Amino acid sequence: MAEKVNLLNFTLPALTEWFASQGEKPFRARQVYKWIHQRGVAEFDAMTDIAKSLREKLKASAEIRAPAILSEHRSGDGTVKWLFDVGVGNGIETVFIPEDDRGTLCVSSQVGCALDCKFCSTGRQGFNRDLAVGEIIGQLWVANKRLEEMEAEGQSSRLMGDRAPADAEGEARSPRPVSNVVMMGMGEPLNNFQPVVDSMAIMLDDNAYGLSRRRVTLSTSGVVPNIRKLKDALPVALAVSLHAPNDEIRSRIMPVNDAYPIAKLLEACREYLEVAPRDFITFEYVMLKGVNDAPEHAKQLAKLLKSVPSKVNLIPFNPFPGAGFVASPRERIVRFQAILRDHGVHATIRESRGQDIQAACGQLAAARAAA
């Protein structure tokens, strides 16, 4: 018996093409696509405006298969972390971070990561494989359904915030629990380029989740050729994991810098801004005691970023077993921020969320034994 086609793997154009191959009209693909993504429906019998004959045909050849939840953990601050099953021996982690004016989902793009950033738990896990479109968009599909279940059960007053109609920038937010997506989970998104781009296209599609390009952020460690590819393919908000003010430190903690040093990375960022939905690049900078947190490092960073409109997110290091690094003291982070601001760089300190459930930045490792 032939394996059924997973419709979560399709963008709307691809689904329309598949329906055409089945002798069906394009509008039928759009109907099914809306049922899947706007309403979160997985059973064809529930698609009540579709002819019964088509529903039977779909049941015989297709399915809507999202990753299954292996475990769910709730933090004291309202953060939720899911461990998803994506095949024999493989798990990925996804994190939902609630705020008053938004609900942000941190999505994984690979099982593990090949880049071996020294301060990241995922990098210590090594790389297994890329995720398919259905496994990437499936994280969003499941998260919305699960959060709506929590809300219906009265479990989620802290999760949903006040469901404000607009965020802090005045942009209308989604009526679904997840209003923002960050491709900042496990893996390097630009090393799984086409499935990630197709997944983000579904997120942006008004027939699916209808998120704006400002509400979808891709975070990269600096894969320069694919930053340029993203510029042409689907320019969403861009965040760059910088974490050092010079090549010597960055190469020591991020081996990717040997291939794409800072000067080439910043050149690609300037080009990206020509089409980016925001007029700045976000640079992420994890604060490692005695490594990259000295006042002189702050001055070097400010000088470095003069040529790129930017916002710097200073990230307190989140420890994990065997990390080999220590978090910078809070007062040192505040001093670092003050120096950047004194030099005209917009800098914020990211407040770590979900540390008590190992869901904070750099802590995702998908240990199935912990499920």
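Given the structure is predicted, the values throughout are model-derived calculations rather than measurements. The figures here come from the full heavy-atom set of this structure, side chains too, leaving out hydrogens, waters and symmetry mates. For reference, positions follow the sequence shown, starting with 1.
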Lys231, NZ: over 12 other non-hydrogen atoms inside 6.0 angstrom: yes
N/O donor-acceptor pair under 3.5 Å between Arg30 side chain and Thr16 backbone: no
side-chain hydrogen bond (donor to acceptor under 3.5 Å, both in side chains) between Asp130 and Gln110, worked out: CA-CA 4 Å; Asp130 292 329; Gln110 297 178 311; 2.8 Å; yes
Nearest atoms (heavy-atom pairs only) where Leu83 meets Glu93: CD1-CG, 3.9 Å
Under-4.0 Å salt bridge between Glu148 and Lys145: no
Over all atoms of both residues, closest heavy-atom pair of Pro67 and Gly134: CD-O, 3.9 Å
Carboxylate-amine/guanidinium proximity below 4.0 Å for Arg146 and Glu72: yes
Exam field: side chain Asn144 to backbone Val178, donor-acceptor pair closer than 3.5 Å: yes
Residue of the set Phe19, Tyr33, Trp18 for which side chain to side chain contact (heavy atoms under 4.5 Å, CB included) holds with Phe10: Trp18
Side chains of Arg129 and Leu131 in contact at under 4.5 Å (non-hydrogen atoms): yes
Val345 side chain reached by Leu301 side chain, heavy atoms, under 4.5 Å: no
Met287-Val334 co-clustered via ILVMFWY side chain contacts under 4.5 Å: yes
Between NZ on residue Lys299 and CG on residue Asp342, distance to nearest 0.5 Å: 10.0 Å
His243 and Tyr285 aromatic ring geometry - parallel, tilted or perpendicular at 30°/60° bounds: tilted
Heavy-atom check, side chain of Phe44 versus side chain of Leu54, under 4.5 Å: no
Within 6.0 angstrom of Gln194 CD, more than 12 heavy atoms from elsewhere: yes
Side chains of Pro235 and Arg213 in contact at under 4.5 Å (non-hydrogen atoms): yes
Under-4.0 Å salt bridge between Glu331 and Arg335: no
side-chain contact (heavy atoms from CB on, under 4.5 Å) between Arg350 and Glu284, worked out: CA-CA 9 Å; Arg350 182 184 295 174; Glu284 296 157 331; 3.6 Å; yes
side-chain hydrogen bond (donor to acceptor under 3.5 Å, both in side chains) between Glu188 and Ser109, worked out: CA-CA 7 Å; Glu188 165 54 62; Ser109 56; over 6 Å; no
Side chain to side chain, Phe193 and Val223, heavy atoms closer than 4.5 Å: no
In one Ile/Leu/Val/Met/Phe/Trp/Tyr side-chain cluster, 4.5 Å: Ile333, Ile249: yes
Any side-chain heavy-atom pair of Ile50 and Trp35 under 4.5 Å: yes
Val111-Phe127 co-clustered via ILVMFWY side chain contacts under 4.5 Å: no
Glu351 bridged to Arg330 by N-O distance under 4.0 Å: yes
Shortest non-hydrogen contact between Ala244 and Ile262, atoms and distance: O-CD1, 4.1 Å
Arg228 side chain near Pro225 side chain, heavy-atom distance below 4.5 Å: no
Nearest atoms (heavy-atom pairs only) where Asp258 meets Ser251: OD1-OG, 2.9 Å
Phe119 and Met254: CA distance, side-chain angles, deciding distance, side-chain contact (heavy atoms from CB on, under 4.5 Å) verdict: CA-CA 9 Å; Phe119 49 83; Met254 298 182 69; 3.8 Å; yes
Verdict with supporting geometry, Asn191 and Asn226, side-chain hydrogen bond (donor to acceptor under 3.5 Å, both in side chains): CA-CA 8 Å; Asn191 279 350; Asn226 287 353; 4.6 Å; no
Trace of the side-chain contact (heavy atoms from CB on, under 4.5 Å) decision for Met184 with Val95: CA-CA 10 Å; Met184 294 183 184; Val95 177; over 6 Å; no
Nearest non-hydrogen partners of Tyr209 and Ile202, listed with the distance: CD1-O, 3.7 Å
Shortest non-hydrogen contact between Trp141 and Ile36, atoms and distance: NE1-O, 2.7 Å
Glu17 atom CD, over 12 foreign heavy atoms within 6.0 Å: no
